[in-house]
There are 2 protein chains.
Amino acid sequence: MSPLSTKEKIKLAAKKLISELGYKSASVRKIASDVGIRESALYNHYTNKEEIFLDILQDIFASPFSTSTQNVKEDALKGKLFLHRFVTQYKLVSFDKESEILFRILLLEIFSNKGLRERFFEDFHNKNIKVLSEAFFIMMQNNLIRSSDPMTMSYEFISTLFYIRFQITLLRFDSISTTNLSTQFEKHVDFFWEGIKV
Amino acid sequence: MSPLSTKEKIKLAAKKLISELGYKSASVRKIASDVGIRESALYNHYTNKEEIFLDILQDIFASPFSTSTQNVKEDALKGKLFLHRFVTQYKLVSFDKESEILFRILLLEIFSNKGLRERFFEDFHNKNIKVLSEAFFIMMQNNLIRSSDPMTMSYEFISTLFYIRFQITLLRFDSISTTNLSTQFEKHVDFFWEGIKV
DNA sequence: ATTTTATATGAACATTTGTTAATATAAGCT
DNA sequence: AGCTTATATTAACAAATGTTCATATAAAAT
C-alpha cells in the first residue's frame, strides 16, 4: 500500500469527522488538525470545504454492487440461492468499515442535500428493485415461487435489508455488538423464502 | 384553540427549523426571528438552546401508539385484520404533519445524541416487536398462520413499515407525491399475510 | 396610583467558523 | 549551482454563533 498523499489524508480525515459529527460540525480546523497541518495548508489541495464533501460524495455511490448484478438471468434460476448470494453481498457491504462510514454520512446529510436524496433513491433503492424484480420474475416463470407482483416482492425484500443495515450502523456507532443483527440477514432469507416458495 | 404562548411559539419555530436544517444550523437567531422576537428575549423562556431541544425530544417519544397496544390478545385472533389495523395506525402517524417533523428530527439528530439512539431502539423498535410478537404467537397457537419464530416474524413485519416511512419522509421533504408509498402499506399487509397464512 | 413582575430591546461579549494573503521552506528541474 | 513549483506556516479577516447585561415597556398585583 502506497503512502497517502496529503489530499488523500485530508479526504480520509474529513470522512471520519463528517461521519461522526456531520458536515457542519466537522470544521476545516478539525480536519486539518487530524491530518497534521494548518487550515490554510488545506486550501492548497481543495478550493473550499464543500469540494471535500463533493469528493467524498462520489465514494458513497461508487457501487460495490456492480459485480453482483451480472448474470441475473442465470442465477435467478437457482431460487433461494440467488437471494442468499444477494444478501451475502449486502451483508458484506453493511459490515465493511469504509462502507459503514459512508453510509453514516449518507444518513447524516440526506436532509441537507437534495442530490443525496435523489441518488439514494436511484442507487440504493431503484437499482436494487430492478435487479430483484428481474430475478423474481424469472423465478415465477419457472414456478420456483408463487405468483405475485415482482416489484412489491422486491420492495418487501430490500426494506428489511435496509432496516438491518440501519440498525447495524446505529449500534456500531456506539460500539455495541451486532452479532444478533448479523444472523438477522440469514433469518431474513429463510423467512422470506418460506413465504414465497411454491 | 387557545393562542400560543411565546414559549410554545419558540418550541414550534424551533421544531420546524431543526427539522429542516438540523440542530446545529437552526440558530437561536433564526428561531427568534421566526417567532418575531430578538434572541435575547428567547432566553426569558428557555435557559439555553439545548433546553429547547430537550423539550422537543419529549414530543418525539410521546407515543401516539399507546391506544393501539391494548387488547392484543383478543385482536390477534382476527388475524390479518389485526395486522391491517396495526399498519393503518402506523400509516396515520407516518402521514401526520407533526409526526413527520418529529421523525425527521429523530433521523437528523440520531447520530449526535446517544439518548436518541437508545430511545429509538426502545420506542420505535422493541415496543413494536413486543406487541407484534405477542400477536403472532397467538395467531400461531390458533393455527391462523404458519409456525415460525414470532420475533423474526415481527422484525420482518416492521422493517418494511420503517422503510416506507423513511421514504415518505424523504419525498415529502421535497414535496414529492407519496401516493405510491401510501398504497405500499396495504400491499405490505397483503403480501405479508400471503406468506404466513396457513 | 404605585409597586412588582414578566417580557421585550439593543448592544456587546467571546468563540468558532470558512477563507485569504504574505511569506517561509523544501523538492524538482535546468 | 540557481530557478521554479508545490506546499507549509503565521496572521488576520469578516461573518455567524450562543449567551449576557443593562434597560425599557407593558401587564398584574397591591
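Letters go in sequence order (proteins before strands), and every chain restarts at 1. We use all heavy atoms of the structure for the numbers below, so side chains are in, but hydrogens, waters and symmetry mates are not.
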**Prompt:** Of all the nucleotides listed (D:dA12, D:dT7, D:dT20), which has the minimum atom distance to the side chain of A:R29?
**Reply:** D:dA12

**Asked** Roughly, in whole Å, what's the span from CD1 in A:I31 to P in C:dG18?
**Response** 8 Å

**Item:** Between C1' of C:dT15 and NZ of A:K30, the distance in whole Å
**Value:** 12 Å

**Message:** Tell me if the aromatic rings of A:Y163 and B:Y163 count as close, with their centers under 6.0 Å from one another.
**Reply:** no

**Request:** Would you mind classifying the nucleic acid contact of B:S40 as base, sugar-phosphate or nothing, using non-hydrogen atoms under 4.0 angstrom?
**Result:** base

**Request:** Tell me, please, whether A:Y23 has A:K49 positioned over its six-membered ring: NZ or CZ under 6.0 Å from the ring centre and within 45 degrees of its axis?
**Result:** yes

**Asked** CG/B:L108 to CZ/B:R104 distance, rounded to the nearest 0.5 angstrom?
**Response** 7.5 Å

**Request:** Take atom CD of A:E39 and atom C1' of D:dC13, then tell me their distance rounded to the nearest Å.
**Result:** 13 Å

**Message:** Check the orientation of B:F166 and A:F162. Use parallel for under 30°, tilted for 30 to 60°, and perpendicular for over 60°.
**Reply:** tilted

**Request:** Could you check how far CZ of B:R38 sits from C1' of D:dT20, rounded to whole Å?
**Result:** 17 Å

**Complete:** Closest to the 5' end of DNA chain D, once A:T6 and B:S27 are matched to their nearest nucleotides, is A:T6

**Request:** Send over the distance from B:L42 CG to D:dT20 P, rounded to a whole Å.
**Result:** 12 Å

**A:I37 CD1 to C:dT25 P, straight-line distance once rounded to whole Å** = 18 Å

**Request:** Nearest whole angstrom, please: distance from the P of C:dT7 to the CD of B:E8.
**Result:** 12 Å

**Asked** For the pair made of CG in A:N44 and P in C:dT25, what is the distance, rounded to whole Å?
**Response** 16 Å

**Request:** Would you mind telling me which of D:dT17, C:dA8, C:dT20 lies closest to the side-chain atoms of B:H45?
**Result:** C:dA8

